[in-house]
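Reminder, nothing fancy here: chain letters follow the sequence lines and each chain counts from 1. Basis for what follows: all heavy atoms, side chains included, without hydrogens, waters or symmetry-related copies. Since the model is a prediction, treat every value here as computed from it, not as a measurement.
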2 protein chains.
Amino acid sequence: MNMGKKEKPAKITRLAETQFRTGMKEHGLRCTSERIAVLQEIYRSDTHLDADELFVKLKNRGVGISRATVYHTLDLLLKFHLVSRTDLGHKHTHYEKAYGVENHLHMVCNDCGKVLEISDRSLSDILENLCSKNGFEPESFTLQLFGKCSGHSSGEPSKYKN
Amino acid sequence: MNMGKKEKPAKITRLAETQFRTGMKEHGLRCTSERIAVLQEIYRSDTHLDADELFVKLKNRGVGISRATVYHTLDLLLKFHLVSRTDLGHKHTHYEKAYGVENHLHMVCNDCGKVLEISDRSLSDILENLCSKNGFEPESFTLQLFGKCSGHSSGEPSKYKN
DNA sequence: CTGACTGCAAAATGTTTGCAGATTC
DNA sequence: GAATCTGCAAACATTTTGCAGTCAG
C-alpha cells in the first residue's frame, strides 16, 4: 500500500496507465480502449465518482461504453490497486484514483453531505505500524468519519441523513 | 464520538437500551418490541451482522419481524449512534454495536475474507486531533484495511476477491 | 485466428416504499 | 383515541450475468 507518496500530478496518470498495461499483460488480460478510457476518466477527476457518473461522463465525452464494462473495469482497476472503493454512506459505492495518491480520509457531514478529504502523515505511520504488528500486509485502506462539518457543528442534532 | 471508552460488557446492552429509550422518547418515537429485539440482537453479537443475518437470527429466536422493520430499525439505531455501519467490501452493509464499544478498525483479508478487529488508542487520538483541527465534530467512524492476513502474506497475488 | 472483451438485456441483490391493519403511548 | 409502527408485497437502484458478436494480440 502506498502510505503517502508524492508525485507530480501530471505524471501520475501516465504512470498508472503503464502500471495497468504491465499488470494486464502479466495476467494475460487485454488493454482495450474502454478500459483505458475508464482509467483516464478516473485519474482526470479529483473526487469520488460512482459507476454511473463514470458511465455518463464517458458517454458525454463520446466514449461508447456500457455500464457492464464500466463495472467490470472498475473491478479490474481495484485488483491492480489503481483505484480505491469508498462507501460514503450514500446508496452507491464511490471510486477514486489510488496510484501515486497520498492516502486520505473522508470527513462526511451528516447535515450537508459535504465530504472533506484530509491527508495525514502520522495516520499513515500508525496504520503501517498496526499492520506490521498484526502480520497484516495492507494493500489499500478506506477511512470515513461521519459527523458535522464546521458549518453544522451546533448543538442541534443531525438531520439524520447518516 | 466515543473514541475508546471501556465498560463492563454485561452492562452495555442495558445502557444502550436506556439510551435508546430516552432518545426515542425525546423524538416522539416509540419503543416497540421489534426495535428492542433488534437492539438486543446486535448487542448480543460480537461481530458485524448484515441486515439479513439479523432478520434470520431474530426469526430463529422466535421474534416475528419483517425485513422492512429490521432495515428501518437499523436506520434509527444508526441515528442514535447505537450501531455503526461498515462496508467490508462484501455486497451487503454490515452493522455492529457502537455504544460503550472501543473504536476499532477492520483488517480484511483479500484472500480468505477473514476480518481482524484492532483497537488502538493512538489512532483514536490522531483522529480526534484531525477532526478538531478541521472544525469537524465526529459522530462515528469506520476504517477498513484491505490486504493479506498473516496466513496469506506470501509473494503471491491476491485471489482478487477484494 | 483465437480467446478475451463488449454490449445488451435480463436477472439477481440489497434496500426502500406505500398502504392497511396492529400497537404504543 | 391518535399517531406511529409493522408487515407485506411491490417498487427501486445498483450491480452481476449469459450470450452472441467483436476485437486485441
> Write down the distance between CG (A/Leu74) and P (D/dT14), rounded to a whole number of angstrom.
14 Å
> Does the side chain of A/His72 come under 3.5 Å of the side chain of A/Glu34 through a donor N or O and an acceptor N or O?
no
> Suppose we screen for salt bridge (charged side-chain N to carboxylate O under 4.0 Å, His left out). Which residues come up paired with A/Arg30, at least two apart in sequence or across chains?
none
> What distance do A/Phe141 atom CZ and B/Leu105 atom CG have between them, rounded to the nearest 0.5 Å?
10.5 Å
> Can you find a heavy atom in the side chain of A/Val38 that is under 4.5 Å from one in the side chain of A/Leu76?
no
> Can you tell whether the side chains of A/Arg44 and A/Glu41 come within less than 4.0 Å, N to carboxylate O?
yes
> Report, as a single string ordered 5' to 3', how protein heavy atoms within less than 4.0 Å touch nucleotides 13-25 of chain C: B base, S sugar-phosphate only, - not at all.
-SBBB-----BBS
> Figure out the CD1/P separation between B/Ile36 and D/dC5, and round it to whole Å.
13 Å
> On DNA chain C, nearest-nucleotide positions of A/Gly28 versus A/Val70: which is more 5'?
A/Gly28
> Rounded to whole angstroms, how far apart are NE2 on A/His27 and C1' on C/dC5?
17 Å
> Side chains of A/Leu88 and A/Val115: does their closest heavy-atom pair fall under 4.5 Å?
yes
> How many whole angstroms separate atom CD of A/Glu53 from atom P of D/dA13?
16 Å
> Does the side chain of A/Ser66 get closer than 4.0 angstrom to OP1 or OP2 of C/dC8 through an N or O atom?
no
> Rounded to the nearest Å, what distance is computed from the NZ atom of residue B/Lys25 to the P atom of nucleotide D/dC5?
14 Å
> Between A/His81 and A/Tyr99, is any pair of side-chain heavy atoms under 4.5 Å apart?
no
> Five pairs at each end of the helix from C/dC1-D/dG25 to C/dC25-D/dG1: take the axis at both ends and give me the angle between them to 10°.
50°
> Any luck finding a side-chain donor-acceptor pair between B/His48 and B/Glu53 under 3.5 Å?
no
